[in-house]
Amino acid sequence: MNDQSGVDSANLRDQTWVVTGAAGTIGTRLVADLAGRVNRLVATDLAAPDAPYGVESVAADLRDQDAVAAVLAGAHGVVHLGGIADEADLHDLAEVNLVGTYHVLEEARRAGARRVVYASSNRVTGCYPCDVTVHPSMPPRPDGLYGAVKVAAEGLCQLYADKFGLATVAVRIGSYEERPLDLRQLSTWLSPADCSRAFRAAMSATDVGYACFYAVSANTRGWWSLEPGAALGFLPQDDAEEFAATVPDAARTMRGPQGGDYAAPEYTLSRQRR
Ligand code: NAI
């Protein structure tokens with residue numbers, strides 16, 4: 001089954017995929033999960049990551065377009081996780097998370113790659129109130145500069161699909177943890193197993209031009225529509241509620257913005273150079 005992108009879910013085993021940010025929390029786990037499912041897997045990060053047997057490991061700074069080009073040579077697809085993973089000074093976010101994502105998309109296009117899977121974030125909609133069910137088709141309401149830059153990077157993904165025919169999937173990751181740690185995460189938790197399911201679906205779903213979905217577990221208190229993920233074959237299996245007894249304040253109902261503390265002005269202002 002070939003889609004517009006030419007990616008055939010049955011043929012990941014014949015393909016070359018690159019994972020950026022492969023030394024990070026999600027990347028380490030995802031690379032281990034993908035090893036053996038993909039013909040050739042290249043793990044890259046600022047320093048060459050420790051990689052499982054059979055996985056290539058390469059150092060590349062996302063700010064260096066030539067270095068990104070060298071890593072992406074021959075790739076069918078890229079899972080782009082690399083970058084600053086939380087609120088930071090906007091100049092740094094722009095350089096690493098926005099220009100770095102441009103480097104990945106543009107060098108994927110130049111290399112003839114067929115698909116880029118982008119690690120976006122739930123923080124693109126963190127200013128929606130907790131009592132609203134958010135669907136990816138709704139306008140972004142980022143809860144900080146990190147989220148605003150993720151919105152811009154999603155825009156680049158849409159552009160590369162519409163203008164250049166590169167299939168792109170923006171995966172809005174929830175809160176990736178072994179288990180939910182606080183009241184907010186009873187709504188936003190993404191278990192490691194569901195994270196792997198989300199990325200494998202994004203890599204192999206057919207009929208993709210541009211797609212965007214929330215990668216979140218099937219939480220009883222969830223805030224985000226699961227339909228767009230299900231349409232790509234992402235069916236989460238875990239539920240944060242199973243851990244509610246271990247979560248402080250679990251009896252409370254969260255109110256205010258979905259971003260919680262991330263949405264407070266000081267969270268952003270304290271991270272700017274001035
Ligand atoms: P992480 O911070 O553990 O990993 C990010 C990796 O990117 C690091 O290994 C870092 O060395 C690398 N990196 C940073 N700057 C780089 C540069 N200039 N060139 C090359 N590599 C660079 O983050 P984590 O948690 O694994 O997240 C992965 C992605 O998922 C990030 O894009 C993050 O924004 C996104 N995300 C993560 C969530 C979570 O709950 N962990 C939630 C929402 C989104």
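When a ligand or atom number is given, it counts from 1 through the structure's own listing order. Start at 1 with the first residue, then count along the sequence. No experiment lies behind these values; they were computed from the predicted model shown.
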Using a 3.5 Å cut-off and no angle test, enumerate the donor-acceptor pairs between side-chain atoms of residues 252-265 and protein atoms at least two apart in sequence or in another chain.
residue, atom, partner, partner atom, Å
Gln258, OE1, Trp224, NE1, 3.0
Gln258, NE2, Pro129, O, 3.1
Gln258, NE2, Val132, O, 3.0

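At the top of the distance list for atom 19 (N) of ligand 1, counting protein heavy atoms only, stands Leu62 N, 2.9 Å. In terms of protein heavy-atom proximity, atom 22 (C) of ligand 1 is nearest to Leu46 CG, 3.7 Å. Looking only at heavy atoms of the protein, atom 30 (O) of ligand 1 is closest to Ile173 CD1, 3.4 Å. Looking only at heavy atoms of the protein, atom 10 (C) of ligand 1 is closest to Asp45 OD1, 3.4 Å. With hydrogens left out, the protein atom closest to atom 18 (N) of ligand 1 is Asp61 OD1, 2.9 Å, a heavy atom. Looking from atom 4 (O) of ligand 1 to the surrounding protein, the closest heavy atom is Gly24 CA, 3.3 Å. Regarding atom 15 (N) of ligand 1, its nearest protein heavy-atom neighbour is Val96 CG1, 3.8 Å. In this structure, the protein non-hydrogen atom closest to atom 3 (O) of ligand 1 is Thr25 N, 2.9 Å.
Atoms of ligand 1 found under 4.0 Å from any heavy atom of Gly82 (numbered from 1 in listed order, with element): 7 (O). The distance from ligand 1 to the heavy atoms of Gly21 drops below 4.0 Å at these ligand atoms: 6 (C), 7 (O).
Arg29 has a carboxylate O that lies under 4.0 Å from a charged side-chain N of Glu178, or vice versa, which qualifies the two as a salt bridge. Between Arg172 and Glu154 there is a salt bridge, since at least one side-chain N of the basic residue sits less than 4.0 Å from a carboxylate O of the acidic one.
Across Gly100, Gly83, Ala119, Ala85, heavy-atom proximity to atom 5 (C) of ligand 1 is greatest for Gly83. Of the candidates Ser120, Ala23, Ser175, Ala153, Ser120 brings a heavy atom nearest to atom 44 (C) of ligand 1. The closest non-hydrogen atom to atom 33 (C) of ligand 1, taken over Tyr176, Tyr118, Trp189, Tyr146, comes from Tyr146.
For Pro49, the heavy-atom gap to ligand 1 stays at 4.0 angstrom or more. Note on ligand 1: Lys150 sits in its first shell, one or more heavy atoms being nearer than 4.0 Å. Close to ligand 1: Gly174, with a non-hydrogen atom less than 4.0 angstrom away.
Contacts between Ala60 and ligand 1 below 4.0 angstrom, taking non-hydrogen atoms only, involve the backbone exclusively.
At least one test fails for Arg197 against the ring of Phe199: distance under 6.0 Å to the centre or angle within 45° of the axis. Cation-pi geometry between Arg109 and Phe164 is met: under 6.0 angstrom from the ring centre, within 45 degrees of the axis.
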#### Entry: Verdict with supporting geometry, Arg63 and Asp61, salt bridge (charged side-chain N to carboxylate O under 4.0 Å, His left out)
CA-CA 5 Å; Arg63 294 168 293 191; Asp61 189 329; 2.7 Å; yes
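Residue Asp50 qualifies as open at atom CG: its count of foreign heavy atoms under 6.0 Å is 12 or below. The number of heavy-atom neighbours closer than 6.0 Å to CD of Gln272, taken from other residues, nucleotides and ligands shown, is above 12.
The distance criterion of under 3.5 Å between nitrogen or oxygen atoms is met by Ile26 with respect to ligand 1. At a 3.5 angstrom cut-off on N or O pairs, Leu81 counts as close to ligand 1.
Linking Ile, Leu, Val, Met, Phe, Trp and Tyr residues whenever their side-chain heavy atoms come within less than 4.5 Å places Val18 and Leu166 in a single cluster. The hydrophobic cluster containing Val171 also contains Val79, counting ILVMFWY residues as joined when their side-chain heavy atoms lie under 4.5 angstrom apart, directly or transitively.
The ring pair (Phe, Tyr, Trp, His ring centres under 6.0 Å) pairs that include a residue from residues 85-136 are His80-Tyr118, where partners are two or more places apart or lie in different chains.
No side-chain donor-acceptor contact under 3.5 Å links Asn11 and Gln15.
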